[in-house]
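The structure appears right after this line, and notes come after that.
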Amino acid sequence: MSTHLPGPGPFLTVPNLVTIVRTVAATALALVALSADDRVPWLIAGYLTYWLGDSLDGLLARILDQETRAGAVFDICSDRLCTALLAAGLVLEQPHLAVPIAIFLLNFMVIDNVLSLSFLLWPLVSPNYFAQVDRHVFRYNWSHPAKALNNVGIVVAVVIGNLWLALAIVIAQIAVKIGSAVRVAQLASARQPAA
């Protein structure tokens, strides 16, 4: 009988623990914001927890050499939960911006989700390495500036309270995501052997 314990595997990693903690904390803050009279401080705390935790889990995965495909999928799914709940708080705070927030959620929860998970079509550990497949798709979706703009743009527009700015931001985002998705579909099709 071996006394050697198995390694952490794809799920039992420090980055995944950070993902769990940041998701639970951001979710709790978002739920408090939904029922609070003054939502803004709770939403700020929720977004900061989500964004800082999301940066930390990725950083730790790279530093500790614990990047896994399962961890990347877990991170992507956790991002959607945090974003959906925090966006609900934004709608309650700025009801006149419900349409651009809904467009943003459609984009982030569906189009961007499929796009983010498309790394699974290649032998990549996460979307962070998609430049190996296509530099432009990577630059517009998973580079540090692109990741920051993915959520921050709509949040800034909501904070300012400008409907037209919010609509312009989400329409630009959805155009980039659709263009990227078309490109990824082309790349994936090119990999398929002819029948």
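None of the values given here were measured: they were computed from a predicted structure.
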Using side-chain heavy atoms (C-beta onward) and a distance below 4.5 Å, is [X] in contact with [Y]?
X: Leu59; Y: Asp57; value: no
X: Lys177; Y: Leu115; value: yes
X: Phe119; Y: Arg69; value: yes
X: Val73; Y: Leu120; value: yes
X: Leu117; Y: Asn113; value: yes
X: Asp75; Y: Ser78; value: no
X: Thr83; Y: Leu105; value: yes
X: Val184; Y: Phe130; value: yes

If you compare all heavy atoms of [X] against all heavy atoms of [Y], which two are closest, and at what distance to 0.1 Å?
X: Gly46; Y: Ala26; answer: O-CB, 3.8 Å
X: Ala33; Y: Arg39; answer: O-CG, 2.8 Å
X: Thr23; Y: Cys82; answer: CA-SG, 3.9 Å
X: Pro127; Y: Ala72; answer: CD-CB, 4.4 Å

Could you give the distance from [atom1] ([X]) to [atom2] ([Y]), rounded to the nearest 0.5 Å?
X: Leu97; Y: Ile160; atom1: CG; atom2: CD1; result: 10.5 Å
X: Leu163; Y: Gln94; atom1: CG; atom2: CD; result: 10.5 Å
X: Leu81; Y: Thr27; atom1: CG; atom2: OG1; result: 4.0 Å
X: Leu56; Y: Thr49; atom1: CG; atom2: OG1; result: 12.0 Å
X: Leu149; Y: Asn141; atom1: CG; atom2: CG; result: 11.5 Å
X: Leu12; Y: Thr68; atom1: CG; atom2: OG1; result: 10.0 Å

Using modelled atom types and a 3.5 Å cut-off, is there a donor and acceptor pairing between side-chain atoms of [X] and backbone atoms of [Y]?
X: Arg183; Y: Val137; value: no
X: Arg80; Y: Phe108; value: yes
X: Ser189; Y: Gln186; value: no
X: Gln173; Y: Phe104; value: no
X: His136; Y: Ser180; value: no

Does [X] belong to the same Ile/Leu/Val/Met/Phe/Trp/Tyr cluster as [Y], with side-chain heavy atoms less than 4.5 Å apart forming each link?
X: Leu90; Y: Leu92; answer: no
X: Ile76; Y: Leu85; answer: no
X: Val156; Y: Leu167; answer: yes
X: Trp42; Y: Leu48; answer: no
X: Leu86; Y: Val32; answer: no

For Tyr129 together with Trp142, are the ring centres under 6.0 Å from each other?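 No, they do not, as the ring centres are separated by 6.0 Å or more.
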
Look at Asp54 together with Lys147 and state whether they make a salt bridge at an N to O cut-off of under 4.0 Å.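 Lys147 and Asp54: not salt-bridged.
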
Does the ring of Tyr50 carry Arg22 above it, NZ/CZ under 6.0 angstrom from centre and within 45° of its axis?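 No, Arg22 and Tyr50 do not form such a contact.
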
Starting from the C-alpha separation in whole Å, work towards a yes-or-no answer on side-chain contact (heavy atoms from CB on, under 4.5 Å) for Leu60 and Gln66. CA-CA 8 Å; Leu60 288 173; Gln66 293 184 348; over 6 Å; no

Report the C-alpha separation of Glu67 and Thr13 in whole Å, then their side-chain angles, then the decisive distance to 0.1 Å, and conclude whether the side-chain contact (heavy atoms from CB on, under 4.5 Å) test is met. CA-CA 9 Å; Glu67 291 182 281; Thr13 65; over 6 Å; no

Counting only heavy atoms not in Arg135 (residues, nucleotides, ligands), do more than 12 fall under 6.0 Å from its CZ?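 Atom CZ in Arg135 is not packed in, count stays at 12 or less.
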
Measure up the Tyr47 and Trp51 rings against each other and bin them: parallel (under 30°), tilted (30 to 60°), perpendicular (over 60°).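 It falls in the tilted class, 30° to 60°.
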
So Asp38 and Val40, side-chain contact (heavy atoms from CB on, under 4.5 Å) or not? Walk me through it. CA-CA 6 Å; Asp38 186 10; Val40 174; 4.1 Å; yes

